[in-house]
Novice: 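First the structure, then my questions, so here it is.
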Amino acid sequence: MVRMRAQLRLSTRLMNVGLAALCRGGYLVRAESVLIDAIRLGLPPDVVTYNTLLSAHCRADDLNAGVAVVHRMREAGVSPDAVTYNSLIAGASREGLPLRALDLFEEMLRSGITPDAWSYNALMHCLFQSDHPEDAYRVFADMAEKGVAPCATTYNTILNGLFKTGHATNAYRMFRYLQRVGLPTGIVTYNTMINGLCKSGKVGYARMVLKELGRAGHAPNIITYTTVMKCCFRYGRFDEGLETFLSLIEGGYISDAFPYCTVISALVKKGRMQEANTYCELLEQSGSMLDRACYNTLIHLRFHEGKLDDAFDLLDMMEKGHVESDEYTFSILVNGLCKMGQIEAAEKQLWSMEIRGIESNVVAYNCLIDALCKSHEVDAAIKLLHSMKLKDDFTYTSLVHGLCKVGRYHMASKFLRICLREGNNVLASAKRAVISGLRSAGFKNDLRKVQSALYMARFLRS
DNA sequence: ATAGGGTTAG
């Protein structure tokens, strides 16, 4: 009897290994059927079995399926543990549901499961990603109070979160603090710092940290190089960026599609289509898995070349490969169709986007508004603007420019003032267009109102 | 389970 139980435990462990392999490969349906077969054969799944499956569901952006696994394991008499809840919290984070993550954390406590450092890490990460840095910090304080020791990932999560929520200076200070008191910093810390500093415009600091990385005895990895490359493209050092990429190819350091996407989209932006195509072929030859961001990059490339059919072929490939389109995809589609003069087709994509449940996608709306304005259909543009939940600087810049172009300066000045009142802004060229238009049309009253609104806005911003 | 890639106005 004892020996039999031991053998069953061994078999369970073997099953877990197989299950994990299936999950890693994305064969979730097969993993599920393996579990069902195992139960039917009398092989008892344990907490690891369920956790493996659960985390795979969460990683596939299906939190509900993950939660369903918890119910199944409870029914089977297997108690969830910290790993279970950590995966669920990470899943809530992936879907951008901070309240859900907090609920899960509470539920964890109620079930008598003690959170570990990873529970706090996942929760903090979720709060930072959904732009609640103060709450994230409260979680960190709670962690200290409960006597849970932070690990290296904890600090990296906080650094990354501070950058993402616009607190670059705080992140930089904290990084120096970690170094000074000898808290753990590693390659992930350095990459986080370099990326964050680059994106917040502090390139000088980024370069300094990059130099320190070598002195600290860490070897830069592919992520470091991709980050640096992106930074080069962003700040107009195009040749350096390309050289970095070529040396990565020659060295055989590229193991996924990230660097290819970076360089392809930079080339498309520059209009260097032949080179973009060259790297597109290299990407194909590399046999890398194409995910959503890859497809988006490639669809954008095809639209830019005017190859509409190829773009839609890629969209089909996406669907067949069960890669879901997202707000980027729709922005690229709407923009691409607009730029090719197919405004009606673009409108259709916008509606199907709403049906898909991707709401208030500002970028896609902005693209259509801009196209409508450029084809002098300003009233349709205004109507569309009124249906938008969120508007930004792009929205108003396009509309204001469009109204000026058809000589409707009074309307343009009205929207400019609405925009400023909402705390948005428009490009300087749009402001100039309104002012000179009002002046030439002799709308003195509007002119005065606009100028005082601009003055107030500048005053409030500084 | 923390770090890198994808979209819009002039």
Novice: Under a plain distance cut-off of 3.5 Å, with no hydrogens placed, do A/N51 and A/T84 share a side-chain donor-acceptor pair?
Specialist: yes

Novice: Please give, in whole Å, the distance from B/dG10 P to A/L403 CG?
Specialist: 14 Å

Novice: To the nearest 0.5 Å, how far apart are CE in A/M229 and CG in A/L246?
Specialist: 9.5 Å

Novice: For DNA chain B, what residues of residues 326-334 of chain A have any heavy atom nearer than 4.0 Å?
Specialist: A/D326, A/Y328, A/S331, A/I332

Novice: A/F303 has an atom CZ; how far is it from atom P of B/dT8, in whole Å?
Specialist: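 So the CZ-P distance, A/F303 to B/dT8, works out to 12 Å.
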
Novice: Looking at B/dA9, I'd like to know if its phosphate oxygens (OP1 or OP2) sit under 4.0 Å from a side-chain N or O belonging to A/K374.
Specialist: no

Novice: Could you tell me how far apart A/N425 (CG) and B/dT8 (P) are, to the nearest whole angstrom?
Specialist: 20 Å

Novice: Walk me through whether A/S352 and A/F330 qualify under side-chain contact (heavy atoms from CB on, under 4.5 Å).
Specialist: CA-CA 9 Å; A/S352 67; A/F330 281 104; 3.8 Å; yes

Novice: Contact class for A/C373 (heavy atom, under 4.0 Å): base, sugar-phosphate, or nothing?
Specialist: nothing

Novice: Under 4.0 Å, heavy atom to any atom of DNA chain B: which of residues 359-371 of chain A qualify?
Specialist: A/V363, A/N366, A/C367, A/D370

Novice: Answer yes or no: side-chain N or O of A/N86 and base N or O of B/dA1 forming a donor-acceptor pair under 3.5 Å.
Specialist: yes

Novice: Return the CG to CE distance between A/D81 and A/M108, rounded to the nearest 0.5 Å.
Specialist: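 Reported to 0.5 Å precision, the distance equals 8.0 Å.
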
Novice: When the ring centroid of A/F175 is compared with that of A/Y155, is the distance short of 6.0 Å?
Specialist: no

Novice: Do the rings of A/H386 and A/F415 sit parallel, tilted or perpendicular, given the 30° and 60° boundaries?
Specialist: tilted

Novice: Please determine whether any donor N or O and acceptor N or O are separated by less than 3.5 Å between the side chain of A/D392 and the base of B/dA9.
Specialist: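 No, no donor-acceptor pair under 3.5 Å.
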
Novice: Between A/M229 (CE) and B/dA3 (C1'), how many Å, whole number?
Specialist: 15 Å

Novice: If I take atom CG from residue A/L283 and atom CG from residue A/L298, how far apart are they, to the nearest 0.5 angstrom?
Specialist: 6.0 Å

Novice: Give the nucleotide from the list B/dA1, B/dT2, B/dG10 with an atom nearest to the side chain of A/V188.
Specialist: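 My answer, after comparing the listed nucleotides, is B/dT2.
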
Novice: May I have the distance from A/D393 (atom CG) to B/dG10 (atom C1'), rounded to whole angstrom?
Specialist: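 Between C1' of B/dG10 and CG of A/D393: 13 Å.
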
Novice: For B/dT8, does OP1 or OP2 lie under 4.0 Å from any side-chain N or O of A/K269?
Specialist: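 A/K269 to B/dT8 OP1/OP2: no side-chain N or O under 4.0 Å.
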
Novice: Please determine whether a side-chain nitrogen or oxygen atom of A/K339 lies at a distance below 4.0 Å from atom OP1 or OP2 of B/dA9.
Specialist: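 Indeed, a polar side-chain atom of A/K339 lies that close.
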
Novice: State whether a side-chain donor-acceptor pair under 3.5 Å links A/N156 with A/N121.
Specialist: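 A/N156 vs A/N121: no donor-acceptor pair found between side chains.
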
Novice: Using a heavy-atom cut-off of 4.0 Å across all strands, would you classify A/T226 as base, sugar-phosphate, or nothing?
Specialist: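 Base: the residue A/T226, judged by heavy atoms under 4.0 Å, touches a nucleobase.
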
Novice: Taking atom OH of A/Y177 as the centre, does the number of heavy atoms from other residues, nucleotides or ligands within less than 6.0 Å exceed 12?
Specialist: no

Novice: By the definition side chain to side chain donor-acceptor pair (under 3.5 Å), identify the one residue from A/N361, A/T397, A/T395 that meets it with A/N366.
Specialist: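 Answer to the side chain to side chain donor-acceptor pair (under 3.5 Å) test with A/N366 among A/N361, A/T397, A/T395: A/T395.
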
Novice: Tell me the interatomic distance from A/I158, atom CD1, to B/dA1, atom C1', rounded to whole angstroms.
Specialist: 15 Å

Novice: Starting the side chain at C-beta, find the nucleotide from B/dA3, B/dG4, B/dA9 nearest to A/N221.
Specialist: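 From the listed options, B/dA3 comes nearest.
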
Novice: In residues 237-265 of chain A, which residues come under 4.0 Å of DNA chain B by heavy atom?
Specialist: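 Contacting residues: A/D256, A/F258, A/P259, A/C261, A/T262, A/S265.
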
Novice: Can the ring centroids of A/Y260 and A/F245 be said to lie less than 6.0 angstrom from one another?
Specialist: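 Yes, the ring centres sit under 6.0 Å apart.
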
Novice: Tell me, with the steps shown, if A/C231 and A/C198 meet disulfide (SG to SG under 2.5 Å).
Specialist: CA-CA 6 Å; A/C231 196; A/C198 258; 2.1 Å; yes

Novice: Separation of A/L210 atom CG from B/dG4 atom C1', in whole Å?
Specialist: 14 Å

Novice: Without decimals, in angstroms, what is the distance between A/H57 NE2 and B/dA1 C1'?
Specialist: 18 Å

Novice: Does A/F233 form a ring pair (Phe, Tyr, Trp, His ring centres under 6.0 Å) with A/F238? I'd like the steps, not just the answer.
Specialist: CA-CA 5 Å; A/F233 291 138; A/F238 216 84; 4.9 Å; yes

Novice: Is the phosphate of B/dA3 approached by A/N160 (side-chain N or O, under 4.0 Å from OP1 or OP2)?
Specialist: yes

Novice: Please pick, from B/dT7, B/dG5, B/dA3, the nucleotide with the shortest atom-to-atom distance to any side-chain atom of A/I223.
Specialist: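 Nearest listed nucleotide: B/dA3.
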
